[in-house]
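These notes concern the structure reproduced below.
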Protein chains: 2
Amino acid sequence: MEAVPRKTTIREVARAAGVGIGTISRVLNSSSQVSWKTRARVLDAIRRLGFRPNAQARRILKKRAEMVCFLLSNRDFLHPFHARILQGVESYASGMKQHVLFAALHYSPRTPPEKIDLPPVLQEHGLIDGVILAGTIYPNLLRRIEGIQMPFVALSNNVMGMDDVQQFDQVGFDDLNGTLQATRYLISKGHRRIVFAGDVSYPWLQRRFEGYGRGMREQKLKPVLITARNVPSFGDFGQESVGRILSGRSRPTAVVAGNDEIAYGLWRALCRRGVKVPDEISLVGFDDREEAVLMDPPLSTVCVHKEEIGETCMKMLLERLHHPQMAFSQRVLPTEFLIRGSVRQL
Amino acid sequence: MEAVPRKTTIREVARAAGVGIGTISRVLNSSSQVSWKTRARVLDAIRRLGFRPNAQARRILKKRAEMVCFLLSNRDFLHPFHARILQGVESYASGMKQHVLFAALHYSPRTPPEKIDLPPVLQEHGLIDGVILAGTIYPNLLRRIEGIQMPFVALSNNVMGMDDVQQFDQVGFDDLNGTLQATRYLISKGHRRIVFAGDVSYPWLQRRFEGYGRGMREQKLKPVLITARNVPSFGDFGQESVGRILSGRSRPTAVVAGNDEIAYGLWRALCRRGVKVPDEISLVGFDDREEAVLMDPPLSTVCVHKEEIGETCMKMLLERLHHPQMAFSQRVLPTEFLIRGSVRQL
DNA sequence: CGATTCTATGGAAGCGGTTCCAAGAAAAAC
DNA sequence: GTTTTTCTTGGAACCGCTTCCATAGAATCG
């Protein structure tokens, strides 16, 4: 490794400007009063020397990294869903002069979720002030993070297997109410035979199914869950399950899909069989991915405000950093059912 | 802001282990030889005290941040394309014990691309070792980054308005050859009247059009460019231009779309008019987004290996960091035409 | 067995900033 | 004109680590 070019330090600036080092620091932090003349001289020297203060050195004294980590498992990252959340995080962070470190949790067949270690960025101290846990989160990881006393905010919809009172900061969105609204809407449009497509192995799918179930039971209708086993991805779900949905004595008039990907797969499978949406069967999704509006007909779906979730995570984390003793808070952001073309009035 | 809980330092560990601070440091860096017994004592003390070394302090001495910045304009970020590149960057970086800082360039109507300032993360020195420039890059930004002598690698496909010899490290993929292959394939399938859909305001679309043009001219066929003006996004491109494609005396039998988004929009517009793909018109795209394979028929498209691009960017940046004087290099990664169902044999 | 080499270890110096205290200069008060 | 207060300013000390030098004991050698 060759030598890094020598960088200007605060002492050289001080010499160039003919002032003391303390003065340079004061100018940089625009803290206490520096006389108009001195400030100009310093600023000039800084410009002439192309001086940029060393961030590490400042941080070591300030005891704040001004950086948070956005942690995502490598399983989840493909999804634009999380990319949008990251965008929200970055957007709020940059407004607060914070940086965002992107890190992935590298799960692999060799390191099953139950025994994964802390990611390197959390092993060392001082690099980041806190963590935002997006993507699927396993309880053991949470406990490790608590163990090192690293402040964090979790995207609660993705926390696995902790349905009890959770003693940490969370931001989530309202799965249950989303499908509840969607189901009510379908019912208001005259639908009675409505099925839910999705498995319930994820807590969020479980909640979405519950919301649908509640909507059905409100009107004394019977909830029906359609699952598909052993599908490689949500996109293949429809292909696998469309047969079971269409067969049976009384074919449903509408399907609530567990997410947009399932809805999209279903739509394709239906198209292929010549079943028209929404003429013969209505369809609603969940997430409002970019493609939802591009489908034909555009998909009615439950919109999750992803940027807002990201911003809220960041905001909550900053509050935690400023008030470490504050009580934990859980925020559930509302979801919004968007009426588009994929539902027909019966 | 309340007090940050006091963290254990190397001196406390030294006291607890009954050794000197230098020894702790040597154990941590597993550098020079420490006796088996002492090492065990130190390791034990570290565990007992829950000591995690302060990363900032180490970096200030090592003069390396072990961190690179992935910089993307806020215009580009929505696209899964860049998310995948980021994934590739992170993947390679984590293998090399490097961290990835995610930063966005906040363009706005108030700050047009020509006069945007350096992002905050580049204003300070020592935070990052280098930058990966993804997303649309304007020359003035490049010059600013050169000005502060920050090592960088650019995703060359997105560099605007610099077609001369470029004196910096670049990773790109082969736009021209991609459409060339696609066009040759179409011709091999018996197509003669082939049009290109896309405008040429972006350099990469320009190159894709050129590749298509070359393929056509090889067979003495006449290239035709179909553009759409004033469309809010590539997705709306098809809707806008489908009329012009289908009308005219001799309707084309195939369309090369500038990217998958255009292809998708086109496909929808064609569906809506009852024109069947590929029976009545064949269609190929570019990028191989996730949705390409989910379309019906699955879209034949030019695959860009996004993770590989990310990895290559990271790799090249690390080489640059280790050898600052090394000559600049430009790498163009191959693209690959994927045959799927959207092209018909004539 | 004394001289020489080697290995393990302690701790001072220093990285590039911030902070604080003391002190000089200027302004205000008496 | 002298005293008091306020405003600026310089620079030592320090943040938590690495690095290097000095030293002490062990090992090797003639």
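Labels below follow one simple rule: chain letters A, B, ... track the order of the sequence lines, proteins then strands, and each chain is numbered from 1. Bear in mind that the values here come from a model prediction, so they are computed numbers and not experimental data.
- For dT8(D), the OP1/OP2 oxygens have no side-chain nitrogen or oxygen of K37(A) closer than 4.0 Å.
- Checking the phosphate oxygens (OP1, OP2) of dC15(D), no side-chain nitrogen or oxygen of T9(B) falls inside 4.0 Å.
- Residues F102(A) and F70(B) keep their aromatic ring centres 6.0 Å or farther apart.
- Counting heavy atoms from C-beta outward, H106(B) and S94(A) have side chains that approach closer than 4.5 Å.
- Rounded to whole Å, the distance from CG on L61(A) to P on dC17(D) is 13 Å.
- Counting only Watson-Crick and G-U wobble pairs whose two key distances fall under 3.5 Å, DNA chain C forms stems of three or more stacked pairs at C:1-30 with D:1-30.
- To the nearest angstrom, C1' of dG16(D) lies 14 Å from CZ of R52(B).
- Without hydrogens or angle criteria, R59(B) side chain to A65(B) main chain gives a donor-acceptor distance under 3.5 Å.
- Between the side chain of R11(A) and the backbone N or O of G20(A), no donor-acceptor pair lies under 3.5 Å.
- Residues in residues 96-113 of chain B take part in no salt bridge (charged side-chain N to carboxylate O under 4.0 Å, His left out) pair, two or more places apart or across chains.
- Sorted by first and then second residue, the ring-ring contact (aromatic ring centres under 6.0 Å, His included) pairs involving residues 40-60 of chain A (not counting sequence neighbours) form an empty list.
- We find that CD1 of I60(B) is positioned 14 Å from C1' of dA13(C), with the value rounded to whole Å.
- Put simply, CG on N54(A) is 14 Å from C1' on dG16(D), counting in whole angstrom units.
- Taking atom CD1 of I10(A) as the reference point, atom C1' of dG11(D) lies 12 Å away to the nearest angstrom.
- With sequence neighbours left out, the ring pair (Phe, Tyr, Trp, His ring centres under 6.0 Å) criterion links Y138(A) to Y107(A).
- Taking only side-chain nitrogens and oxygens, S35(A) never comes nearer than 4.0 Å to OP1 or OP2 of dC7(D).
- When each of R11(B) and A57(A) is assigned the nucleotide of DNA chain C bearing its nearest heavy atom, the one mapping closer to the 5' terminus is R11(B).
- Put simply, K63(A) has no side-chain N or O that comes within less than 4.0 Å of OP1 or OP2 on dT18(C).
- Residues R41(A) and G22(B) both approach DNA chain D. Their nearest nucleotides, taken by heavy-atom distance, put R41(A) toward the 5′ side.
- Among residue pairs with one or both ends in residues 85-94 of chain B, none qualify as salt bridge (charged side-chain N to carboxylate O under 4.0 Å, His left out); sequence neighbours excluded.
- A heavy-atom distance below 4.0 Å to DNA chain C is reached by these residues of residues 14-21 of chain B, ordered by number: G18(B), V19(B), G20(B), I21(B).
- One atom, CZ of R64(A), and another, C1' of dG16(D), lie 17 Å apart when rounded to the nearest Å.
- In this structure, the CZ atom of R26(A) is 8 Å from the P atom of dT9(D), given to the nearest Å.
- Taking 4.5 Å as the limit, every side-chain heavy atom of Q98(A) sits out of range of all side-chain heavy atoms of M67(A).
- The only option from D129(A), L118(A), V121(A), I128(A) that meets the side chain to side chain contact (heavy atoms under 4.5 Å, CB included) definition with M150(A) turns out to be I128(A).
- F51(A) has its CZ atom 8 Å from the C1' atom of dG17(C), to the nearest Å.
- Counting only heavy atoms from C-beta on, T38(B) has its side chain closest to dT9(C) among dT9(C), dC15(D), dT19(D).
- R59(B) comes within contact range of no nucleotide atom at all, as no heavy-atom separation falls under 4.0 Å.
- Within the structure, every side-chain polar atom (N or O) of T23(B) is placed at least 4.0 Å from both OP1 and OP2 of dT9(C).
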